[in-house]
Amino acid sequence: MAKYEDLKDAVVIVTGSGRGIGRAIAEQFADQGAKIVITDINAETAAETAKEIAAKGVETHSAVCDVSKMDQVEALMQAVIDKWGKIDVLVNNAGITKDGMFLRMKPEQWQIVLDINLTGTYNCAYAAVAHMRKAKKGAIINISSIAAGGNAGQANYSASKAGVIGFTKAIGKELAPMGLRINAVAPGFIDTAMTDAIPDKIKETILANIPMRREGQPEDIAKAILFLASDQASYITGEVLNVNGGLGGL
Ligand code: NAP
């Protein structure tokens, strides 16, 4: 495993980290010796994951936070500042799908995906930057998706993830003079509960189209995020890193 000395003792917040990709990201930051905030809408998985990661010998903080609710997000950031006095890295990982063809997509199905995936990313970035800018240092990594290129049956999700890319590029430019770096990672098809829900027949077609002929693992995404969070990426901002087994770039 690559070692990033600057991530030791860094304060890292990973949203939606009770399970899936978020959990793998939190574990890899812990392996670097960072202080980890495990936060999720699900109190049970957040507490359990924080307990298991603490067993690696790092400090953890577990908190319930629905990223679509600004009051909860602000309370989370303040709790981290009260505990550790700084926020070095924010990973906007929390996200959901509510798939369906556009002609049958209900307004609430559209809205909740935009509220969590896009507004949630805005909320967390806004509240974290209020603290990061005082330190004149910080990194935010937003999770987009290959679906940002437009997936049939995912108009809501594709729009939210394309929005994340535009948002990343815009604030990457705005916040660079303040010493903050904002990047995105766009995963392809990754083995988590989110993709477990896809019927086997569709999965087979997806896998056949991936040049590497395999699905990615949450750890593949975590490795890319660690790099972008570290000083090794100190001249990279407003960028989208595709991690998708060769499916192509956004
Ligand atoms: P996952 O297994 O469904 O995990 C998502 C986590 O986010 C869960 O712990 C979930 O809590 C939590 N969450 C849901 N709504 C939330 C909210 N409002 N506030 C805070 N936390 C919330 O998904 P994943 O596959 O790990 O995906 C992680 C990220 O990667 C998402 O942004 C997703 O869009 C993106 N992504 C995934 C893939 C893939 O192939 N898996 C591909 C491209 C992009 P619950 O346990 O209560 O559901």
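Sequence positions, counted from 1, serve as the residue numbers for this chain.
Judged by distance alone, the side chain of Asn156 and the main-chain N or O of Lys98 form a donor-acceptor pair under 3.5 Å. Side-chain atoms of Ser160 never come within 3.5 Å of backbone atoms of Leu118 as a donor-acceptor pair (strictly under, hydrogens ignored). Side-chain atoms of Thr192 come within 3.5 Å of backbone atoms of Met194 as a donor-acceptor pair (strictly under, hydrogens ignored). Side chain of Gln72 to backbone of Val67: no donor-acceptor contact under 3.5 angstrom is found.
Among residue pairs with one or both ends in residues 63-113, none qualify as ring pair (Phe, Tyr, Trp, His ring centres under 6.0 Å); sequence neighbours excluded. Listed by first and then second residue, the ring pair (Phe, Tyr, Trp, His ring centres under 6.0 Å) pairs that reach into residues 128-186 come to none, sequence neighbours excluded. The salt bridge (charged side-chain N to carboxylate O under 4.0 Å, His left out) analysis of residues 161-184, with sequence neighbours excluded, yields no pairs. Evaluation of the salt bridge (charged side-chain N to carboxylate O under 4.0 Å, His left out) test over residues 61-73, restricted to residues two or more places apart or in two chains, returns Asp66-Lys69.
For the atom pair CD1 of Ile21 and CD1 of Ile225, the computed distance is 8.0 Å after rounding to the nearest 0.5 Å. Note: Leu175 CG to Ile140 CD1 = 7.0 Å, rounded to the nearest 0.5 Å. Separation of atoms CG (Asp220) and CD1 (Ile190) is listed at 6.5 Å; rounding is to 0.5 Å.
Side-chain contact of Thr168 with Asn142: a donor-acceptor pair under 3.5 Å is present, judged by distance alone. Counting only N and O atoms by type, the side chains of Arg19 and Thr45 include no donor and acceptor under 3.5 Å apart.
Residue-environment remark: NZ (Lys106) stays at or below the threshold of 12 foreign heavy atoms within 6.0 Å. By the neighbour-count criterion of 12 heavy atoms within 6.0 Å, atom CD of Glu108 is densely surrounded, having more than that number from other residues, nucleotides or ligands.
Taking the side chain as every heavy atom from C-beta outward, Cys124 and Leu90 approach each other to under 4.5 Å. Between Lys35 and Val58, the closest side-chain pair of non-hydrogen atoms is not below 4.5 Å.
Residues satisfying the side chain to side chain donor-acceptor pair (under 3.5 Å) criterion with Asp200, sequence neighbours excluded, are absent altogether. In this view, Asn151 and Gln154 satisfy the side chain to side chain donor-acceptor pair (under 3.5 Å) rule, not counting sequence neighbours. A search for side-chain contact (heavy atoms from CB on, under 4.5 Å) contacts involving Ala50 returns Ile38, Thr60, Ser62, not counting sequence neighbours. Considering only residues two or more places apart in sequence or on other chains, Lys86 meets the side-chain contact (heavy atoms from CB on, under 4.5 Å) condition with Val11, Asp88. Partners of Glu215 by side-chain contact (heavy atoms from CB on, under 4.5 Å), not counting sequence neighbours, listed by chain and number: Phe189, Asp191, Leu207, Gln217. Listed by chain and number, the residues in a ring-ring contact (aromatic ring centres under 6.0 Å, His included) with Tyr126 are Tyr122 (sequence neighbours excluded). For Lys83, the side-chain contact (heavy atoms from CB on, under 4.5 Å) partners at least two apart in sequence or on another chain are His61.
Salt-bridge formation is not detected for the pair Lys223/Glu219: no Lys NZ or Arg NE/NH1/NH2 atom is positioned less than 4.0 Å from an Asp or Glu carboxylate oxygen. Between Asp231 and Lys137 a salt bridge is recorded (basic side-chain N to carboxylate O distance below 4.0 Å).
Applying the 4.5 Å side-chain rule to ILVMFWY residues, one finds Val240, Leu250 in the same cluster as Ile165.
Put simply, Val73 and Ile41 are part of two different groups of oily side chains (I, L, V, M, F, W, Y) that touch within less than 4.5 Å, one to the next.
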